[in-house]
Every structure is written in C-alpha cells, then in structure tokens.
Protein chains: 2
Amino acid sequence: MASRTIENYLKQLWLEQQDTRGKYVPMGKLAALVGVTAGTATTMVKAIADSGLAKYAPRAGVRLTKAGEQLALHVLRRHRLLELFLVEVLGIDWSDAHGEAEELEHVISETVLARIDSLLGHPSVDPHGDPIPSSAGKFETLELCSLAELNTGNATVIERIVDQSSEFLRFAQSSGLVPRAQVVIEHTNPQAGAISARPAGKEPVMLSMVAAAKFLVRPCNARRGKRRNRRPVPPVSP
Amino acid sequence: MASRTIENYLKQLWLEQQDTRGKYVPMGKLAALVGVTAGTATTMVKAIADSGLAKYAPRAGVRLTKAGEQLALHVLRRHRLLELFLVEVLGIDWSDAHGEAEELEHVISETVLARIDSLLGHPSVDPHGDPIPSSAGKFETLELCSLAELNTGNATVIERIVDQSSEFLRFAQSSGLVPRAQVVIEHTNPQAGAISARPAGKEPVMLSMVAAAKFLVRPCNARRGKRRNRRPVPPVSP
DNA sequence: TTATTTATTTTGATTACTCAAAGTACATGG
DNA sequence: CCATGTACTTTGAGTAATCAAAATAAATAA
Ligand SMILES: [Mn+2]
Ligand SMILES: [Mn+2]
Ligand SMILES: [Mn+2]
Ligand SMILES: [Mn+2]
C-alpha cells in the first residue's frame with residue numbers, strides 16, 4: 001500500500017498531467033503542489049518511479065504510469081466522495097470540505113467508502129462539480145466552457161468551479177455562483193477585462209476574466225467572436 | 001499536537017490505568033497493548049514524559065498526568081463517537097467499527113466531530129455500551145456487574161460489552177447478546193464454570209465464566225453468595 | 001561563443017518511529 | 001545470601017520523509 005505521502009504525490013501528479021497529453025511534469029511544479037522543497041520531490045519521485053508508479057526523466061520531469069494513474073484515481077475518488085459526504089450528510093461548509101477530505105482520503109477503508117457511495121446514491125460529481133472517478137478507476141469529463149467565453153445576454157447553468165481555495169468558494173457561495181445555479185450574462189466589457197453575471201434571484205456580480213474562467217457552464221452555445229480553438233479538457237481540481 | 005503514535009500510547013495508557021487507582025502501568029503491558037517491543041515503549045514513554053503528559057518511573061512503570069488524561073479522553077471521545085457513527089449512520093458492521101475508528105480517530109477534525117456528535121443527538125455510549133467522554137473531557141461510568149455474577153432465574157438488561165475483538169462481537173451479535181437486550185439466566189453451574197443465558201426471543205447460550213464476565217448488566221440486584229468486594233470500576237475497553 | 005541565470009540534483013543532516021540484541025536491575029527461591 | 005529468570009533499559013542500526021546548502025546541467029542573455 002502506498003503511504004499517504006506517496007498518495008498525495010500521485011494525486012497532484014495526476015491533476016497536473018491531465019491537460020498536458022504526454023508532457024512531463026517538472027519537478028519544481030510538483031514540489032510546489034505537494035508543498036515540499038524541490039530536492040525532496042526529486043528524491044521521492046525517484047522512489048515512486050522505482051516502484052513502477054511513474055516514469056522519471058532527470059531534468060525533464062515525471063509522468064505517471066498506467067499503474068500510477070489508477071492509484072491516483074482511487075485517491076481522487078476517495079477525496080471527492082468524501083467532500084460530497086461531508087457537505088451533504090454532515091453539513092460541513094462547502095469551503096472547508098476540501099481541507100477535511102485532504103486528510104480523510106488516506107485513512108478511509110474500502111468498506112466505509114462503499115457505504116458512503118451508496119448512501120449518496122453513487123453520485124457522479126462532487127460539491128464543486130468535479131467528476132468522481134468510478135470504483136474501477138474510470139473517469140469522464142464533460143466538455144464545458146467557462147463564463148468568460150459567453151456573450152452579453154447568454155443564459156447558462158454553472159456545472160463546475162475550478163478553484164478549491166476556501167476564500168474563493170466563500171465568495172462564490174455568497175454571490176450565488178454555485179453548481180446548478182442559473183446565470184445570465186448582463187454585460188461584457190472586453191476592454192476592462194470584466195463581465196457582470198446575474199445568478200437567478202440574486203444581485204449581479206462583477207467578475208474579472210480570470211475569475212469568470214473558474215466557472216464552467218453548460219450549455220455552451222454562443223461563443224465570443226475571437227474564440228477558435230476551444231480548450232480540449234478543462235483544468236482539473238482536487 | 002500529539003502525533004497519532006502518541007495518541008495511541010495515551011489512549012491505551014488511559015484504558016489501562018483506569019481501574020488501578022494510582023498504580024503505574026508496567027512497560028511490558030503498555031508495549032503489548034500498543035503493539036511494539038518493550039524497548040520502543042520505553043523510549044516513547046520517556047519522550048511522552050518529557051512533554052509533560054505522563055510520569056515515568058524507571059523499572060516501575062508509567063502513569064498519565066492530568067494533561068495526559070485530558071488528551072487521552074479526547075482521543076477516546078473521537079474513537080467512540082466515530083464507532084457509533086459508523087454503525088448508526090453508515091451501517092458498518094458492529095464488529096468492524098472498532099478497527100475503522102482506530103484509524104479515523106487521529107484525523108477527524110473538531111468541526112467534523114461536532115457535526116457527528118449533534119447528528120447522533122449527543123449520545124452517551126458507543127455501540128458496545130462504553131461511555132463517551134464529554135467534549136470537556138468529563139467521563140462517567142455506571143456501576144455495573146456482569147452476567148457471571150448473577151444467579152439462576154435472574155433477569156437483566158445488557159448494558160455494555162468489554163471485548164472489542166471482532167470474533168467475540170460477531171459471536172455476541174449472532175447469539176443476541178447485544179447492548180439493551182433483555183437476558184434471563186437459565187442455569188448456573190459453578191462446578192463446570194459455566195452458565196446458560198437466554199436473550200429475549202432467542203435460544204439459550206452457554207457461556208464460560210470468562211465469557212460471561214464480558215457482559216455487563218443492569219439492574220444488578222441479586223448477587224451470588226460468595227461475592228463480597230464488588231469490583232469498584234469495571235474494566236474499560238476502547 | 002562565453003557568461004549568467006534558473007531549474008534540478010546531490011549531499012549531509014535531522015526528526016519520528018521502530019526493532020534486535022546486549023546489558024542491567026530485581027524479585028524469588030533455594 | 002548467592003543464583004537465576006524475568007522485566008526492563010540501553011545501544012546500535014534502519015526506514016520514511018524532510019530541509020538547507022552545495023554542485024551541476026540547461027536555458028538564456030550578452
Ligand atoms: Mn491528502
Ligand atoms: Mn473537489
Ligand atoms: Mn488509533
Ligand atoms: Mn468501543
């Protein structure tokens with residue numbers, strides 16, 4: 001069994017290598033994500049590679065093997081099911097669930113996880129709209145675009161929020177910008193780099209393009225003029 | 001914050017020193033309970049003593065200080081609330097709950113614990129009938145006697161079971177000898193060192209005195225003739 | 001191309017926990 | 001009062017994870 005330290009490395013690696021088909025994750029990046037020095041990451045990655053869970057290319061970076069991906073997906077499944085459980089069953093605040101799950105994901109047994117899963121009705125997304133991998137390690141992502149890509153007058157439903165920081169989540173919740181909320185784009189101002197979005201039954205909210213890009217929505221009908229190459233897979237978060 | 005290793009030492013120490021007012025717990029005993037060699041226990045206990053959580057007397061043993069007791073009681077509270085939660089909310093098997101809680105007790109946050117506590121309605125005993133310390137670290141024990149101390153014809157209610165091993169718990173459950181179950185003593189045979197107990201609506205069960213002593217009951221009216229000094233506090237289990 | 005900056009790796013040390021085995025204290029029983 | 005066995009402590013060594021700082025490689029700028 002992988003230690004909790006290694007589980008964390010694997011999960012961060014998976015999240016990071018998701019969008020970069022085939023590219024290696026640089027050591028510095030991984031170190032920052034896990035929260036250790038680069039030297040520590042190098043040492044750990046070599047150990048992980050020795051156990052067959054990753055491929056390590058000195059001075060280039062690291063990438064999970066199939067085995068490593070499977071293990072990472074199981075950790076991710078535990079994490080996201082736990083997040084949903086904490087929010088839905090225990091009433092833990094949305095913005096705190098992530099931190100709690102970060103610890104629990106390493107100690108929960110398969111038995112308990114299975115009970116949680118069935119208690120929640122085998123859900124497919126966590127409280128942030130992030131997809132939950134199946135127990136077989138299968139993982140599906142919807143094609144979504146973000147609030148930043150919509151024009152004035154468009155109406156959509158928020159499906160997913162790709163920022164786990166409690167501050168941002170608290171802001172999102174207090175504005176009414178939560179998964180499953182209907183939203184209308186009131187104004188777009190490309191010059192100012194900002195838009196105004198109004199969640200159904202709430203006050204309009206000003207969002208910078210950076211902030212707007214964190215809200216993934218559906219349907220994604222009307223595209224802004226300049227867009228040509230839609231991003232293939234949205235950035236993924238724990 | 002105490003590491004999970006130290007939390008385990010503290011909890012075992014507390015359970016062990018409960019009934020022995022003032023006596024020191026010998027190193028060998030503690031080592032066996034925690035599952036390490038005697039040398040390891042000695043080293044750890046010296047560290048624990050240095051941090052003020054226990055008093056260590058070489059060649060005599062170790063005893064928790066007030067501070068150590070408080071910490072131990074918080075771990076015990078987490079353990080027992082989790083056991084009840086696993087059984088009541090998640091439907092985990094009675095006999096598995098202990099092992100699961102043994103891990104979870106070290107990672108659950110105060111916030112999550114408080115939610116669990118209120119979800120369960122601030123319970124006072126865990127699934128084995130063991131009392132749950134209050135969040136302030138207060139701890140109450142009922143005066144109970146055991147099935148082994150009753151005479152033929154006596155009827156009582158099982159309040160508590162003082163053996164956490166899954167095998168014993170599975171046996172107890174399948175026999176109907178669970179907390180809150182009504183039981184009648186059908187026969188006592190001091191010569192054979194065995195009794196026969198019949199749970200309401202179930203078949204009678206043969207129990208050795210050792211096994212019978214693991215079921216604590218109430219009311220405790222009729223005492224066997226030979227008993228004079230009733231045990232002050234019953235043995236405690238995690 | 002050479003020099004400088006930046007990213008990465010290596011080295012040496014530290015902390016927490018553990019065991020095996022050697023050494024020491026002590027109760028006990030002759 | 002010595003001899004011995006048992007319980008306990010000490011010692012030496014190992015594993016997992018970490019950091020700070022020195023060494024190295026690669027990318028970039030001059
Ligand atoms: Mn984690
Ligand atoms: Mn999430
Ligand atoms: Mn434990
Ligand atoms: Mn218990």
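No hydrogens, no waters, no symmetry mates; every other heavy atom, side chains included, goes into these values. Letters A, B, ... mirror the listed sequences (proteins, then strands); counts begin at 1.
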**Request:** Would you give a per-nucleotide map of nucleotides 9-24 of chain C, 5' to 3', where B means the base has a protein non-hydrogen atom under 4.0 Å away, S means only the sugar-phosphate does, and - means neither?
**Result:** BB------SSBS--BB

**Message:** Distance check, rounded to the nearest 0.5 Å: Asp130(A) atom CG versus Leu76(A) atom CG?
**Reply:** 8.0 Å

**Item:** Spacing of OG1 belonging to Thr5(B) relative to CG belonging to Leu10(B), to within rounding of 0.5 Å
**Value:** 10.5 Å

**Asked** What is the distance from atom CG of Leu71(A) to atom CG of Leu13(A), rounded to the nearest 0.5 Å?
**Response** 12.0 Å

**Item:** Any side-chain heavy-atom pair of Ile132(A) and Asp117(A) under 4.5 Å
**Value:** no

**Asked** Charged N to carboxylate O below 4.0 Å: is that the case for Arg4(A) and Glu7(A)?
**Response** no

